[in-house]
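Note that this is a predicted model, so its numbers are computed, not measured. Just so we're on the same page: letters track the sequence lines, and every chain starts at 1. These values consider heavy atoms only, across backbone and side chains, with no hydrogens, waters or symmetry-generated copies.
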Number of protein chains: 2
Amino acid sequence: MALEKKWVTMGDVAREAGVGTITVSRVIRTPTKVSQTTRDKVQAAIAKLGYVPDETAGALSSQRSRMVGALVSTLEASIFASTIEGLSTGLRAEGYQLLLGNTEYEPETEASLAATMLGRRPDALVLTSDQHTEAARTLMNRAGVPVIELWELPESPIHAAIGFSNAAAGEAITRHLVETGRKRIAFIGPDRANDRRGQLRQSGYLRAIAGQEPRVALMPADLKGAGIGAAGLAQILERYPDTDAVVCVSDAIALGAYCEAMRRGLSVPRDLALTGFGDFDLASDAGLALTTLRIDGHAIGAKAADLILSGTKAAPLPPTVIDMGFELIRRGTS
Amino acid sequence: MALEKKWVTMGDVAREAGVGTITVSRVIRTPTKVSQTTRDKVQAAIAKLGYVPDETAGALSSQRSRMVGALVSTLEASIFASTIEGLSTGLRAEGYQLLLGNTEYEPETEASLAATMLGRRPDALVLTSDQHTEAARTLMNRAGVPVIELWELPESPIHAAIGFSNAAAGEAITRHLVETGRKRIAFIGPDRANDRRGQLRQSGYLRAIAGQEPRVALMPADLKGAGIGAAGLAQILERYPDTDAVVCVSDAIALGAYCEAMRRGLSVPRDLALTGFGDFDLASDAGLALTTLRIDGHAIGAKAADLILSGTKAAPLPPTVIDMGFELIRRGTS
DNA sequence: GCAAGTCATGGTATCGATACCATGGCTCGG
DNA sequence: CCGAGCCATGGTATCGATACCATGACTTGC
């Protein structure tokens with residue numbers, strides 16, 4: 001341990017201020033427990049020395065890391081961007097920080113990332129991935145760390161969940177097309193074995209078209225959003241030329257389908273109605289004016305932060321499943 | 001500290017395997033220094049007990065946290081998504097993890113986040129924000145933590161930088177329009193005082209149109225991408241009805257401008273050429289087929305990971321500025 | 001006026017891992 | 001056959017903060 005001294009320690013501050021180390025700790029964590037004059041002295045010393053408390057040491061001795069691990073299925077397509085933002089903003093207010101991991105829709109990756117993250121002893125784990133390996137479930141249960149699943153309402157939540165019913169959402173947007181007179185409705189999504197959310201939306205679609213013939217195109221996921229939409233619409237029109245509406249599993253996919261429709265000279269929504277999912281920027285009136293289903297990702301993230309911060313060592317947060325709902329936004333494509 | 005025992009410790013594993021704790025540590029960190037038989041014994045004990053090493057304690061004693069702090073200007077619009085992804089994937093391979101913070105283009109927020117992050121004693125700090133307060137610079141310098149700035153080539157880098165010249169990029173894409181015969185070129189971007197990257201692209205635009213009249217629309221940043229593009233184009237056409245090309249500071253803004261042009265019955269690219277920036281999914285041939293400037297965000301992130309992992313305690317990474325360049329992608333809008 | 005209680009503060013053990021140094025067994029060259 | 005040198009392993013101090021308990025000064029109620 002003969003490393004050159006690099007960081008100012010709490011002891012240095014204590015010496016400078018002429019107090020005990022514990023008093024410095026209190027000035028930082030629980031200022032009300034220290035008299036005004038002492039507090040000022042200590043704060044002056046902190047400023048003078050440029051002291052930055054070592055959270056690593058604090059975490060070890062207090063057994064609270066003030067870190068939250070977040071495992072997201074994907075960083076692309078901005079799907080979870082606002083959720084992460086809401087979460088991180090909420091946590092920052094209390095000095096908590098976010099550890100980020102990207103599972104890429106792979107349960108195996110999720111399991112390995114979860115294990116690595118638990119090594120940091122986070123105070124909570126947030127998952128936007130919905131498929132967990134048995135090993136991961138065991139690990140997370142045994143760890144005693146609260147686990148919050150987002151963007152879904154799982155049948156058997158690990159602990160808590162905040163989201164909405166993807167099946168109901170898929171059903172709602174499809175029903176909107178049915179109700180506006182569409183008779184031959186198709187569905188486009190990526191072909192991803194571990195994307196349960198997408199599968200649930202598809203099941204909602206199937207329920208809503210009851211009576212109509214299902215027309216589903218699942219395209220290779222490596223095409224990315226727009227590519228999936230464009231290729232998917234091409235496939236649908238080839239197999240079912242008389243299709244008059246398409247439900248896309250995301251706004252990005254809807255963009256691809258929209259552009260493909262333009263290229264084919266189809267009029268939207270006259271010849272073909274189109275819906276997205278998520279209500280991202282590109283769907284707005286200033287953009288494609290896409291009929292879509294709005295998910296308030298920011299609110300989901302903020303709610304998760306609330307939940308985490310409200311749980312304490314003494315009273316861990318109770319198992320809960322919170323339905324944040326969704327909202328149909330009708331714009332120009334339907 | 002009378003907390004119930006929750007986690008299996010290295011001592012537990014050592015006892016189970018009948019070895020010293022340090023041997024367990026070596027099995028995890030430097031397996032080659034332990035004999036095969038002992039290694040097997042220890043690994044069996046680890047598996048049996050479900051031991052997850054406490055990185056918090058490891059960080060404290062080894063003075064290496066295996067964490068990298070990343071401060072991004074924004075999580076939205078997926079601008080930095082691939083960079084973060086490249087970074088996190090590269091780091092994961094070595095068991096490093098990512099601490100994420102969102103500065104929202106606010107130098108003050110960046111400074112406060114940087115301070116919080118330094119409390120975790122990260123092994124490196126990665127910034128995609130380009131404006132730093134004086135306090136933040138001082139803090140980062142004093143901390144002795146390598147700082148890597150991304151997506152730019154700063155004149156006075158804090159330490160290392162990986163990116164490209166935003167001014168040259170703005171100039172290149174504008175020059176492309178000049179060379180393809182456009183005579184009255186406008187520029188649309190957000191009105192963000194602390195977005196130096198955008199300002200540099202604008203300065204490149206100004207340099208490239210030399211001789212032409214500058215036509216710049218900077219719209220309120222809270223409109224978001226597509227809104228900025230749509231409102232920006234409207235403003236440009238009102239003030240300069242004969243505009244024949246528009247340089248947009250991002251692909252998302254170009255989408256808004258594109259849709260606005262459609263609504264006005266303008267033909268792209270005949271009446272109006274349009275360019276974006278970033279080459280995100282929506283710009284692809286399957287999407288808008290947008291002429292744009294490709295930035296390889298993933299490569300930038302991956303390179304940053306390499307750089308961080310190559311630096312050791314003994315030989316900290318040398319100050320470097322790496323130009324990753326950019327690529328003009330000509331598609332259907334010019 | 002005194003016991004009981006509150007407030008501000010400090011001392012010391014401790015969290016769980018790793019660094020440093022030490023040790024015993026073994027190989028190998030002369 | 002012996003000492004130099006390597007390999008595998010262990011003991012102990014330590015990283016920098018916080019928890020717990022203790023202490024002395026001062027307030028308050030009856």
Between [N] ([atom2]) and [X] ([atom1]): distance, integer Å:
X	N	atom1	atom2	answer
B/Glu55	C/dT18	CD	C1'	12 Å
A/Arg15	C/dG10	CZ	P	14 Å
A/Arg64	D/dA17	CZ	C1'	14 Å
A/Lys41	C/dA8	NZ	C1'	11 Å
B/Met10	C/dT18	CE	C1'	8 Å
A/Arg26	D/dT18	CZ	C1'	10 Å
B/Lys33	D/dG10	NZ	P	15 Å
B/Leu60	D/dA13	CG	P	17 Å

Between [X] and [N], is there a contact of a side-chain N or O with OP1 or OP2 at under 4.0 Å?
X	N	value
B/Thr21	C/dT18	no
B/Arg29	C/dT18	yes
A/Tyr51	D/dA17	yes
A/Ser61	D/dA19	no
B/Gln63	D/dG16	yes

- [ ] Using only heavy-atom distances, determine whether the side chains of B/Arg64 and B/Tyr96 contain a donor-acceptor pair under 3.5 Å.
- [x] yes
TODO: Check whether the side chains of A/Glu149 and A/His159 place a donor and an acceptor atom closer than 3.5 Å, and report yes or no.
DONE: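 No, A/His159 and A/Glu149 have no side-chain donor paired with an acceptor closer than 3.5 Å.
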Task: Check: A/Leu307 main-chain N/O paired with A/Ser310 side-chain donor or acceptor under 3.5 Å - done: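 Side chain of A/Ser310 to backbone of A/Leu307: a pair is present.
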Among [options], which nucleotide has an atom closest to any side-chain atom of [X]?
X	options	value
B/Asp54	D/dT18, D/dT9, C/dA17	C/dA17
A/Thr9	D/dA17, C/dG16, D/dT18	D/dA17
A/Ser35	D/dT9, C/dA8, D/dG16	C/dA8

Open item on the list: Does B/Arg121 contact D/dG16 through a side-chain donor or acceptor facing the base, at a distance under 3.5 Å?
Closed with: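 Under the 3.5 Å cut-off, the side chain and the base do not form any donor-acceptor pair.
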Open item on the list: Please compare B/Ile22 and B/Thr56 by the position of their nearest nucleotide in DNA chain C and report the one closer to 5'.
Closed with: B/Thr56
Task: Residue pair A/Thr133 / A/Ala111: nearest heavy atoms and the distance that separates them - done: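 Shortest heavy-atom separation between A/Thr133 and A/Ala111 comes out as OG1-CB, 3.5 Å.
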TODO: For A/Val24, report the nucleic acid contact type (base, sugar-phosphate, nothing); a contact means any heavy atom under 4.0 Å.
DONE: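 Contact class for A/Val24: none.
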Open item on the list: Please determine whether salt bridge (charged side-chain N to carboxylate O under 4.0 Å, His left out) holds for the pair A/Glu85 and A/Arg92, giving the CA-CA distance in whole Å, both sets of side-chain angles, and the decisive distance to 0.1 Å.
Closed with: CA-CA 10 Å; A/Glu85 209 244 273; A/Arg92 182 166 72 228; over 6 Å; no
Open item on the list: Taking the nucleotide of DNA chain D with the nearest heavy atom to each, does B/Gly18 or B/Ala57 sit closer to the 5' end?
Closed with: B/Gly18
Task: Comparing A/Ser25 and B/Thr23 on DNA chain D - which has the more 5′ nearest nucleotide - done: B/Thr23
Task: B/Arg39 atom CZ, neighbour heavy-atom count above 12 within 6.0 Å - done: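 Yes, enclosed.
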